[in-house]
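As the structure is a prediction and not an experimental result, all values here were calculated from the model.
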Amino acid sequence: MAAQTVAVPSAGTSASAPSVDLGPAAGLSCRECGTRFELGPIFACAECFGPLEVAYELPAGDPEALRAAIEAGPNNIWRYAPLLPVPADVASKPSLNPGFTKLVDAENLAKELGVTGKLYVKDDSGNPTHSFKDRVVAIAVEAARAFGFTTLSCSSTGNLAGAVGAAAARAGFRSCVFIPHDLEQGKVVMAGVYGGDLVGIEGNYDDVNRFCSELIGDPLGEGWGFVNVNLRPYYGEGSKTLAYEICEQLGWRLPDQIVVPIASGSQLTKIDKGLQELVKLGLVEDRPYKIFGAQAEGCSPVSAAFKAGHDVVRPQKPNTIAKSLAIGNPADGPYVLDIARRTGGYVEDVTDEQVVEAIRILARTEGIFAETAGGVTVGVTKKLIENGQLDPSLTTVVLNTGDGLKTLEAVAAESGQTATIRPSLDAFRAAGLA
């Protein structure tokens, strides 16, 4: 189908398309049929119902000058504003300013896993609400401003709820977020502390997401920006900043291999998009890289499809401690399959027991306390090496997307006091700890 530009119908906001300033964002494009739409709060193609993503007019010219401009920018994601759907003055607006988190040279973990090349952990637990979700929400907030929304909302497995609550408080929006009723208590508290409305839905994440889709189409949702639904094309672009940062922190080089957790699959697809953009802009040398996806066995629809050689992802009912990845019907699942196969990567899963083991390994070797999603990526990395699917001699980056303080329940049983003694040296000696 030939590409065409379609006007965005009214979505109940006060903004009109010509007044929208989202920097280099030129419109929305359907991944499936290529139909172009004006910038607006829409997420599905009106022609074929395919997903929409942001299309850009990226800066052209001298890569060295662009590199220098980025390096001179703030130490957060706004250093990449020329490559994101945000206004040029975004750094001056009220924001949590996430990003530019540590890329940890994980020598101890490398020895533990038998890696002879360089192994890095991109530790996004250092973001303001201690997960990578601060990145995607920051971009969505700018879209919400542009489209005149007054309430920020989301369906969430926990981390996103906290990120939306905090970003809304900082930016002056009302927030109302929806979560499964049985989330980890740490995530519930962190989502509720920011003063917005926090609503538990009886059911799993897919039930929550269906409810939010209904609310968007109801008059009750007038003026609401759902960051991962009607603002999803913009929201997803925040994950590109992980790719940008990793390459910049590696000295403007592509990693050979990267291991990414899969929930909806959006993070993995946008990391690939970010790497491709850096190549097109001449900011990094074009050379092969492999992207690996990581899931928990109790919610592994993409892994199952990859191993079976399928192009369609069959939904599953989640049953895993890795609740932040517990999306049984991942929207970007088919695109993850395409990227893993195109790059020569793989999609693997690990048991809950292996997740806990990996959390403890990462904590013991590198002093990084990962939430269960980080346990999934480290556990999958270990399994991929053991199975010969990941080359231990190459430069590999493993993502830790959240803080273990949010999922204490996963390791609490094995992480108590070593001993309880009287306050005396004799008691310390008797405990065998000297």
Side-chain angles (χ1 to χ4, degrees), residues 101-102 104-115 119-133 157-159 161-162 166 179-194 198 200 261 294 296-299 318-326 350-383 386 398-434:
T101 55
K102 294 180 180 178
V104 178
D105 188 348
E107 293 184 359
N108 296 329
L109 179 63
K111 292 176 183 177
E112 178 85 17
L113 301 184
V115 173
L119 179 64
Y120 297 91
V121 175
K122 180 58 172 172
D123 186 14
D124 245 25
S125 65
N127 276 310
T129 69
H130 308 287
S131 91
F132 91 95
K133 292 295 188 181
T157 57
N159 284 326
I179 59 174
H181 70 287
D182 59 351
L183 279 187
E184 301 98 334
Q185 186 62 19
K187 290 181 179 177
V188 172
V189 172
M190 190 163 192
V193 74
Y194 301 108
L198 178 65
E297 184 181 273
C299 185
N319 182 23
T320 173
I321 61 171
K323 293 183 179 179
S324 62
L325 304 182
V350 285
T351 66
D352 282 357
E353 292 75 19
Q354 290 171 316
V355 171
V356 172
E357 177 193 18
I359 292 172
R360 295 175 64 82
I361 288 173
L362 182 59
R364 171 168 51 80
T365 58
E366 298 297 341
I368 297 172
F369 185 17
E371 71 159 351
T372 48
V376 169
T377 53
V378 173
V380 163
T381 301
K382 182 174 184 291
K383 188 173 180 179
E386 292 170 348
V398 179
L399 266 60
N400 172 45
T401 52
D403 195 319
L405 291 174
K406 296 185 176 188
T407 56
L408 291 172
E409 298 90 338
V411 294
E414 300 177 0
S415 303
Q417 299 175 14
T418 304
T420 303
I421 64 172
R422 299 186 309 278
S424 73
L425 292 176
D426 287 342
F428 182 62
R429 291 189 184 95
L433 299 174

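Applying the salt bridge (charged side-chain N to carboxylate O under 4.0 Å, His left out) criterion to Glu107, with sequence neighbours excluded, gives no partner residue. Under the rule for a salt bridge (charged side-chain N to carboxylate O under 4.0 Å, His left out), Glu366 has no partner lying at least two apart in sequence or in another chain. Partners of Lys187 according to the salt bridge (charged side-chain N to carboxylate O under 4.0 Å, His left out) rule, which considers only residues two or more places apart in sequence or in another chain, are Glu184, Glu371.
Counting non-hydrogen atoms of neighbouring residues, nucleotides and ligands closer than 6.0 angstrom, the CG atom of Asp105 exceeds 12 such neighbours. Heavy atoms of other residues, nucleotides or ligands lying less than 6.0 angstrom from CG of Leu433 number more than 12.
Nearest approach of Ala410 to Thr372, heavy atoms of both residues: CB-CG2, 3.7 Å. Contact between Phe369 and Leu408 at its shortest, heavy atoms only, is CE2-CD2, 3.8 Å. Here the closest heavy-atom approach between residue Asp352 and residue Asn319 is recorded as OD2-O, 4.5 Å. Nearest heavy atom pair, residue Leu113 against residue Thr381, reads CD1-CG2, 4.2 Å. The minimum heavy-atom distance between Asp124 and Thr401, with the atom names listed, is CB-CA, 4.2 Å. When all heavy atoms of Val376 and Ala322 are compared, the pair lying nearest together is CG2-CB, 3.9 Å.
Between Asn127 and Thr101 there is a side-chain heavy-atom pair separated by less than 4.5 Å. A heavy-atom distance below 4.5 Å is found between the side chains of Leu362 and Leu109.
For the atom pair Asp123 CG and Asp403 CG, the distance stands at 8.0 Å (nearest 0.5 Å). Of the inter-residue distances, the one linking Ile359 atom CD1 with Glu414 atom CD reads 10.0 Å to the nearest 0.5 angstrom.
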Practice prompt. Evaluate the side-chain contact (heavy atoms from CB on, under 4.5 Å) criterion for residues Ser125 and Lys406: first the C-alpha distance (whole Å), next the side-chain angles of each, then the deciding distance (0.1 Å), finally the verdict.
Written response: CA-CA 10 Å; Ser125 65; Lys406 296 185 176 188; over 6 Å; no

Worksheet item: Do Val398 and Leu119 pass the side-chain contact (heavy atoms from CB on, under 4.5 Å) test, and can you show the C-alpha distance, the side-chain angles, and the key distance before you say yes or no?
Response: CA-CA 8 Å; Val398 179; Leu119 179 64; 3.9 Å; yes

Discussion item. Checking Thr320 against Glu297 for the side-chain contact (heavy atoms from CB on, under 4.5 Å) test, could you report, in this order, the C-alpha distance in whole Å, the side-chain angles of both residues, the deciding distance, and whether it holds?
Written reply: CA-CA 7 Å; Thr320 173; Glu297 184 181 273; over 6 Å; no

Discussion item. Before you tell me yes or no, could you show the steps for Glu112 and Lys382 under side-chain contact (heavy atoms from CB on, under 4.5 Å), namely the whole-Å CA-CA distance, both residues' side-chain angles and the distance that decides it to 0.1 Å?
Written reply: CA-CA 9 Å; Glu112 178 85 17; Lys382 182 174 184 291; over 6 Å; no

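Side-chain N or O atoms of Asn400 include one that pairs as donor or acceptor with a backbone N or O of Gly402 at under 3.5 Å.
Each of Val356, Thr407, Thr351 was scored for a side-chain contact (heavy atoms from CB on, under 4.5 Å) with Ile321, with one residue passing: Val356.
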